[in-house]
Amino acid sequence: MKRLLDILSEELKQAFGAAGYGTDRISVTVSNRPDLCEYQCNGAMALAKEAHKAPYDIAMEVVEKLGGSKTFSKAECVKPGFINLNISDDFLARYISDEAGEEKFGYEAGSGEKVVVDYGGPNVAKPLHIGHLRAAIIGEAVKRISRFTGNDTLGDIHMGDWGLQMGLIIALMKEEGMDRMPTLEELSRIYPEASERSKQDEAFKEKAMDITNELQHGNEEYTAIWRHIMDISVSDLKENYRRLNVSFEIWKGESDADPYIAPMVSDMKEKGFAHESQGALVVDVGEEGDSKEIPPCMILKSDGAALYTTTDLATLVQREQDYQPDKVIYVVDKRQDLHFVQVFRAAKKCGIVPEETDLQFLGFGTMNGKDGKPFKTRSGGVMKLQMLIDDVYDRCYERMKENGAEMPEEELKDTAAKIALAAIKYGDLSNEARKDYVFDIDKFTSFEGNTGPYILYTIVRIKSILRKYQENNSEAAFDDMKSYKILPPGNDAEKNLMMTLAGFAPMIEGAWRELAPHRICAYIYQTANDFNKFYHETRIISEEDKDRQQSWIALLILTKGILETCIDLLGFEAPEMM
Ligand code: ARG
């Protein structure tokens, strides 16, 4: 389906051409003066110089050519030479009818690429904390957008499962004489204790480091404990992510990169990409024109140990071997920016991935408390993810009780959980990922304003109108949009809603191109506002003109479909009632 703006631009090009002008630079944009017109074309201004004519005169000639247009209801020139345009109601209604009948509402997916999204990145055996919230939420949205836009997409959790935390746990178990496998509860006690201890007790820390090293070199006893810790932690992680409506196709971790490290390192040495520097093995990744110095990428420490960069590079070796991705997107804290510059450059330089592979880093900002500092618990500690979700859930549950929601307890709980998830995710995703934001539980859980619950409320409202309509018209079927005819809009509110709905496909294109879920949020907020304004001006259920009523019902179904598709891309869903 052609984009609305392309159709309009095409029409203007023809008019410029018919008036004898070049058409290369002619395009139509959304008006920046919505009080004057809906769209505008500034082409006459650009042509004035070479045509040796006043832009106003050119615009006049073009407007004359637009005379019989069925697309525009208004085309007028204003000084010094702008063309102001409104589209005709008939044209818009036809466009919207087509959109309603199209799969994906007219969005046409391109030829799909193979995409891997690396997100989540939890560290096994440590509790998930709020630092991991953004990685999960943004990554999941990016993955869903990638899939919607036609890409063959895999999400890889890339767990931190190979580091010192394992050595610390095993060291404390040994010291306590624990000769059986720990439970999850024990684990959540052992890790913090061991971590605290290592800060005060140098010998203990060294012991933990030795154990980590032995584990990484295949010590059988430690490997067995490690495998057990992995098993119980992974099921716990799965449960945590399930609550967030986040899931991964690939459950690999840093440990899975291990077998690829040795061959990768010898290849780097053999081809002369890696060299020794102060006992360590490094790859130079500085490039001419760098505005600040990019230090060499460390591959092996002087004791031969691998580092974070090493596992990330070896993981790319594995991904290349298993999937040959066209694009790999890393959704990680923006403070790891330099790490990824080094990894990407080293991967290209050493031929680990082909030159044309698109390696992208989507670095996100920090989630702050109302004091503007990184979010903490009331007592000042690191907030566990579980606690945060519970808090938001409780707030939503209370709000529903206050609002006098009448439904069975089970449904109330389920609904509160859905609203809570929308509050958390929308609160996060409506900000540009790269920026820090303030987690404000009162604001996020409000049913009014630019919030997740407001979007859900709008969808629920539409569902309830559709239910009423169906009660009165038992034969009404909502699945075959082709049997509905959308009539030209009856007032400005309806027209605004239609124009916003017509913007779905280009919005999706932008959200994918810029890896920007916040664009989807801005779009659905606009759609919800337009819809609610329309709703307040329209008596749908009591309308006597059946064609008119059916047309509105079709518009509602389209609005609902677009809103639901969008929130699904953001990773949450709407309840039936709230
Ligand atoms: N586990 C890491 C951390 O907590 C994040 C991993 C991100 N992904 C990656 N491929 N490096 O900081």
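The figures that follow rest on heavy atoms only: side chains count, while hydrogens, waters and symmetry mates do not. Counting starts at 1 for both ligands and their atoms, in listed order.
Within 4.0 Å of ligand 1, the residues that place a heavy atom are D118, G121, N123, H132, H158, Y308, D312, Y330, V332, Q336, F340, listed by chain and number.
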Practice prompt. Before giving the answer on ring pair (Phe, Tyr, Trp, His ring centres under 6.0 Å), spell out for F344 and Y330 the whole-Å C-alpha distance, their side-chain angles and the decisive distance to 0.1 Å.
Written response: CA-CA 11 Å; F344 294 175; Y330 295 80; 5.4 Å; yes
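Evaluation of the salt bridge (Lys or Arg N to Asp or Glu O under 4.0 Å) rule for E432 yields K435 as partners, not counting sequence neighbours. By the side chain to side chain donor-acceptor pair (under 3.5 Å) test, K238 is found to be paired with no residue, residues two or more places apart in sequence or in another chain being considered. Here R243 pairs with D390 under the salt bridge (Lys or Arg N to Asp or Glu O under 4.0 Å) rule; sequence neighbours left out.
Pairing each heavy atom of A347 with each of L359, the nearest pair is CB-CD1, 4.3 Å.
The line from OG1 of T315 to NZ of K252 is 9.5 Å long, rounded to the nearest 0.5 Å.
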